[in-house]
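Numbers restart at 1 for each chain; the letters A, B, ... are given by sequence-line order, proteins then strands.
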Number of protein chains: 2
Amino acid sequence: MTRQEATPTHRTPLNKDRVLRAAVALADATGIDALSMRRLAQELDVVPMALYKHVANKEELLDGMVDTVVGEIDPLTAGPDWQSAVRGRILSARRVLLRHPWAARVIESRTGPTPAVLAYLDSMAGSFRDGGLSADLTHHVMHAMGSRLLGFSQELFDTSGPSGPPGPELAARYPHIAELAATAAHDGSSPVGGGCDDQFEFEFALDLLLDGFESLRCQGWTSARKA
Amino acid sequence: MTRQEATPTHRTPLNKDRVLRAAVALADATGIDALSMRRLAQELDVVPMALYKHVANKEELLDGMVDTVVGEIDPLTAGPDWQSAVRGRILSARRVLLRHPWAARVIESRTGPTPAVLAYLDSMAGSFRDGGLSADLTHHVMHAMGSRLLGFSQELFDTSGPSGPPGPELAARYPHIAELAATAAHDGSSPVGGGCDDQFEFEFALDLLLDGFESLRCQGWTSARKA
DNA sequence: CTTGACGAGTGTACGCCGTACACCTATGCT
DNA sequence: AGCATAGGTGTACGGCGTACACTCGTCAAG
């Protein structure tokens, strides 16, 4: 009985890809805070230290997770103009980020770009250049877009908090915020932006920026700063 | 010898304010990752658990730190038009955030707004309203500004990384990024945005947005979405 | 067939973290 | 004088990331 082909003592062996995908799934299911090396190992029926044969440390695990989700963004699709091409890709990125709510915060926490992110940003820069923006303008435009390039704006505060009714004393202390909440409440909302149509807000800012870029391009904008 | 007035066995007693200010100082000096309850207690010559008489837990400590730095933002100053008033206040916020580099990430990590942040946002909303923007437009405008309202855009990646020379193979793989880096390199830069003039990039996006808002206001913009 | 290198998974252990809980002690009011 | 209270202490627990030494199955070379 040296062979144990029938007995399931042999699990399919680990590899970096399985580790990363399990990590993404675990973060999707239980939130990024609950993702520890120990919990992840447990999920893979393995002892914690086994993970370290496939990722150097937790930072590298997080980097890999970022690359995994960035890899889910749709490739470029041609559009009638540069703006709609960029717009479509960014909205695809947004859909990906909405599938993985933890990803935005993890991306922000990385200190350096990972290969998949670099590739994505590179192709984005290419879209701007192809659209006729100068290298100079493209540079500033990429900065101006910031994390919106990756499909999210940091919402400043959790838009779906359990914040109850505004309360009159709060309205007295923060009258303008109360007013905004009231206008948004027409389609179901809570005090500081809860219940807003996030998708609308995202596209509002995105289009404002894209329109601004196009207008700068038309007028041959160039940065006025000199050496 | 029941009195020990001469002996310095009595340290000036702790209070929430001293704790918060020590925490801010420690984070400024050693970075947010090095800020632990134990290190902070040590800094205050106190046993770790003593801190919990003044803050409920670490989350509340971080909330208090956020309020402390937000409180450093200059109050509103009147300007010739609403845009310069808003612009000035935001640039003040930016200066504060640059003094406390850890603050942006901590603010992003809070799940709900703290009182000082609410007060700040409220007065910002008031500036937009006073400038003639409708409550509706003000709402979307606040969202569009996102964290820029508080003086920072998430730079997507550390702009001052130790990333060495671009390297030709990197330029081959990411040609557009290399091109942007090259144009930025005219005033000292590194590959992915390192060495850029962050202040310029920030104001570029800020002004683009403010100009867009003003133009929407002039044309009496109203959100097209209906019930 | 033996051997030995090697890659994958294991087990133990260390030092850090946040914090619950019981305790002490000086202060100040009744 | 008695006592409640607020502020600081000490101990302890469970969780974290991970260094380090190990075992064991596989497979190529001799």
Side-chain angles (χ1 to χ4, degrees), chain A residues 1-24 26-27 29-66 102 105-106 109-111, chain B residues 1-24 26-27 29-66 102 105-106 109-111:
Chain A
M1 267 270 254
T2 56
R3 302 139 146 231
Q4 63 280 65
E5 54 192 1
T7 72
T9 66
H10 278 197
R11 294 148 306 182
T12 78
L14 241 42
N15 58 47
K16 185 159 182 174
D17 219 66
R18 281 213 331 127
V19 170
L20 290 182
R21 291 193 299 128
V24 168
L26 185 56
T30 68
I32 195 65
D33 290 337
L35 176 75
S36 70
M37 299 300 275
R38 293 167 130 102
R39 286 269 296 113
L40 178 56
Q42 190 175 327
E43 211 73 17
L44 290 163
D45 274 320
V46 126
V47 91
M49 287 311 293
L51 301 176
Y52 288 87
K53 300 291 183 189
H54 306 281
V55 296
N57 49 45
K58 191 172 184 180
E59 290 294 291
E60 192 181 293
L61 176 77
L62 293 172
D63 280 351
M65 292 170 68
V66 167
W102 48 269
R105 279 189 41 192
V106 173
S109 77
R110 304 297 79 203
T111 63
Chain B
M1 269 268 261
T2 57
R3 299 140 147 234
Q4 63 281 62
E5 53 191 2
T7 72
T9 65
H10 279 198
R11 295 148 303 180
T12 79
L14 241 42
N15 58 47
K16 185 159 181 173
D17 219 66
R18 281 215 328 129
V19 170
L20 291 182
R21 291 192 299 127
V24 168
L26 185 57
T30 68
I32 195 65
D33 291 336
L35 176 75
S36 70
M37 299 300 274
R38 294 167 130 102
R39 287 269 296 111
L40 178 56
Q42 190 175 327
E43 212 72 17
L44 290 163
D45 275 319
V46 125
V47 90
M49 287 311 294
L51 301 176
Y52 288 87
K53 301 289 185 189
H54 306 280
V55 296
N57 48 47
K58 191 172 184 182
E59 291 294 291
E60 192 181 292
L61 177 77
L62 293 172
D63 280 350
M65 292 170 68
V66 167
W102 48 270
R105 277 188 41 189
V106 173
S109 78
R110 303 297 79 203
T111 64

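- Position along DNA chain D of the nearest nucleotide to Met49(A) versus Ala34(A) favours Ala34(A) as the more 5'-ward residue.
- Residue Leu61(B) contributes atom CG, which lies 10 Å from atom P of dG18(C) at whole-angstrom precision.
- Separating the NZ atom of Lys53(B) from the C1' atom of dT5(D) is a distance of 10 Å, rounded to the nearest angstrom.
- The side chain of Arg39(B) sits closest to dC17(C) out of dT19(C), dC17(C), dC16(D).
- Taking only side-chain atoms of Lys58(B), from C-beta outward, the nucleotide of dG17(D), dG18(C), dT18(D) with the closest atom is dG18(C).
- With a 4.5 Å cut-off on side-chain heavy atoms, Leu61(B) and Met65(B) count as touching.
- Comparing atom distances between the Ser36(A) side chain and each of dC16(D), dG18(C), dG8(D) picks out dC16(D) as nearest.
- To the nearest 0.5 Å, atom NZ of residue Lys58(A) and atom CG of residue Leu51(A) are 11.0 Å apart.
- For the pair Asn57(B) CG and dA20(C) P, the interatomic distance rounds to 8 Å; values are reported in whole Å.
- Rounded to an integer number of Å, the gap from CG of Leu51(A) to P of dC16(D) is 13 Å.
- Computed from coordinates, the Met37(A) CE to dC16(C) C1' distance equals 17 Å when rounded to whole Å.
- Taking every side-chain heavy atom of Tyr52(B) into account, dG18(C) is the closest of dT9(D), dG11(C), dG18(C).
- In this entry the distance linking CD of Gln42(A) with P of dG17(D) reads 12 Å, nearest Å.
- In Arg21(A), the CZ atom is not crowded: 12 or fewer heavy atoms of neighbouring residues, nucleotides or ligands sit closer than 6.0 Å.
- Distance from the side chain of Val46(B) is smallest to dT9(D) among dT19(C), dT9(D), dC17(C).
- Contact annotation: side chain of Arg38(A) to base of dG17(D), donor-acceptor pair present below 3.5 Å.
- Between Glu60(B) and Lys16(B) there is a salt bridge, since at least one side-chain N of the basic residue sits less than 4.0 Å from a carboxylate O of the acidic one.
- Rounded to whole angstrom, the span from the CZ atom of Arg18(A) across to the C1' atom of dA8(C) amounts to 13 Å.
- Within the 4.0 Å cut-off from OP1 or OP2 of dG7(C), not a single side-chain nitrogen or oxygen of His54(A) is found.
- Taking atom CG of Asn15(A) as the reference point, atom C1' of dG9(C) lies 14 Å away to the nearest angstrom.
- Counting heavy atoms from C-beta on, the side chains of Glu59(B) and Arg110(B) come closer than 4.5 Å.
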